[in-house]
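Have a look at the structure below, then the notes.
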Amino acid sequence: MAHLLPEIEALDADMRAWRHHIHAHPETAFDEHATSAFVADKLRSFGLEVHQGLAGTGVVGVLRNGGSTDAVGLRADLDALHILEKSAVAHASRHEGKMHACGHDGHTTMLLGAARAMAQRRHFDGTAYFIFQPAEENEGGGRVMVKEGLFDRFPMKAVYGMHNWPELAVGKIALRAGPLMGAYDIFEIVATGQGGHAAMPHLGRDPMPFAAHVINALQTIVARNIHPLESGVVSVTQVHGGDTWNVIPNEVVLRGTVRTFQPAIQDLIERRIGEIVTGLASTFDMTATLRYERRYPATINTAEETRHALAAATALVGADNVDTNPMPSMGSEDFAFMLQEKPGCYVWLGGGRGPGTPNLHNPHYDFNDEALAIGASYWVTLAEAQLPAKAAVRQAA
Ligand SMILES: [Zn+2]
Ligand SMILES: [Zn+2]
């Protein structure tokens with residue numbers, strides 16, 4: 001059983017109510033106005049200094065205690081997804097077509113709970129920053145916050161992140177130094193030939209065989225160019241071309257995604273896609289363009305901060321419940337942009353209810369409330385251990 005902090009245990013019912021409120025009122029990327037206002041109000045009521053407006057709907061709560069200039073950041077995400085909720089829970093989405101299917105309602109709630117408990121306990125000397133970022137899904141709100149000066153305005157030695165993980169049983173925490181989540185890139189290949197009558201292919205330049213060869217050749221990058229013990233994914237996810245039976249189209253468009261953990265492999269895959277497209281375009285007498293865009297970098301935990309996160313996780317749930325060597329995920333996470341600027345560690349918090357637990361982004365998913373007190377206790381344990389100790393001085397909160 002986890003060693004929950006008493007201040008957090010006392011908040012459990014409140015946290016569940018906050019989580020259900022946020023879940024029922026999901027807002028998507030950069031549109032999290034009501035959620036952001038809810039967070040800011042709560043932080044103010046706990047006695048924190050509140051900064052709004054970073055990346056639009058972002059919120060930073062500042063909790064200072066004592067005279068130390070030491071500071072750490074804890075980060076949660078505010079946004080929901082464009083998914084029609086199919087769960088039957090009483091707090092199901094009231095906003096049709098939008099849903100907290102990634103558990104950011106739980107993340108926001110746990111960080112609020114931690115802010116409340118730390119403001120009550122005052123067991124530290126320094127500053128804790130509570131970072132609530134918008135638009136984690138697709139739109140890179142974390143990148144925007146960093147670009148708009150998050151770490152200049154709120155200087156901190158390290159930043160920590162957490163995501164609920166339904167594949168991991170509730171009560172467990174998983175983490176590792178190095179990459180935990182993949183980099184997310186996209187590509188688009190537009191092939192232009194010369195359309196015409198399908199019965200007279202020799203009079204045109206058909207982009208279809210070119211597209212077929214490109215799809216096949218792209219699959220050789222991971223299989224033939226990457227070290228067998230390294231990893232990468234190249235997935236073609238869209239093929240667009242042609243409208244009818246007897247016409248060779250002028251153009252075919254291919255789109256897809258690349259996932260990697262190592263920047264050198266990311267560079268290699270991007271280079272090889274370019275070489276394959278150029279080489280096959282020449283072979284098939286096509287005009288082909290490639291757009292390659294790096295969306296999210298890999299989420300890479302630094303060694304020392306991973307040790308701090310491990311110590312906090314072990315103190316909370318016990319060594320038997322901490323997985324220190326989880327298989328990294330090729331999913332991606334825009335907390336990666338914060339880790340490019342500051343040392344830190346991102347962990348997975350168990351949320352599984354056993355076999356059949358709906359996974360993230362599933363329309364039946366619902367954040368596991370049993371994880372709220374564990375996640376909030378982890379935040380407080382970690383932040384207090386990262387800041388110089390101070391005897392508890394209770395202040396009005
Ligand atoms: Zn998600
Ligand atoms: Zn998420």
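For reference, positions follow the sequence shown, starting with 1. Whatever order the structure lists them in is the order used to number ligands and atoms, beginning at 1. The figures that follow rest on heavy atoms only: side chains count, while hydrogens, waters and symmetry mates do not.
Note on Asp334 versus Arg143: no salt bridge recorded, every NZ/NE/NH1/NH2 to OD/OE distance being 4.0 Å or above.
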* To do: Evaluate side-chain hydrogen bond (donor to acceptor under 3.5 Å, both in side chains) for Gln194 paired with Asn250, printing each intermediate quantity in order.
  => CA-CA 5 Å; Gln194 189 183 326; Asn250 222 38; over 6 Å; no
* Asked: Stepwise, does the ring-ring contact (aromatic ring centres under 6.0 Å, His included) test hold for Phe367 with His23?
  -> CA-CA 9 Å; Phe367 183 93; His23 189 94; 9.4 Å; no
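One of the N, O or S atoms belonging to Cys102 lies under 2.8 Å away from the Zn ion (ligand 1). The Zn ion (ligand 2) has His163 among its coordinating residues (N/O/S atom, backbone or side chain, under 2.8 Å).
Cation-pi geometry between Lys42 and Phe46 is not satisfied (NZ or CZ under 6.0 Å from the ring centre, within 45° of the ring normal).
An angle of 110° is found at the Zn ion (ligand 1) between Glu137 atom OE2 and His361 atom NE2, rounded to 10°.
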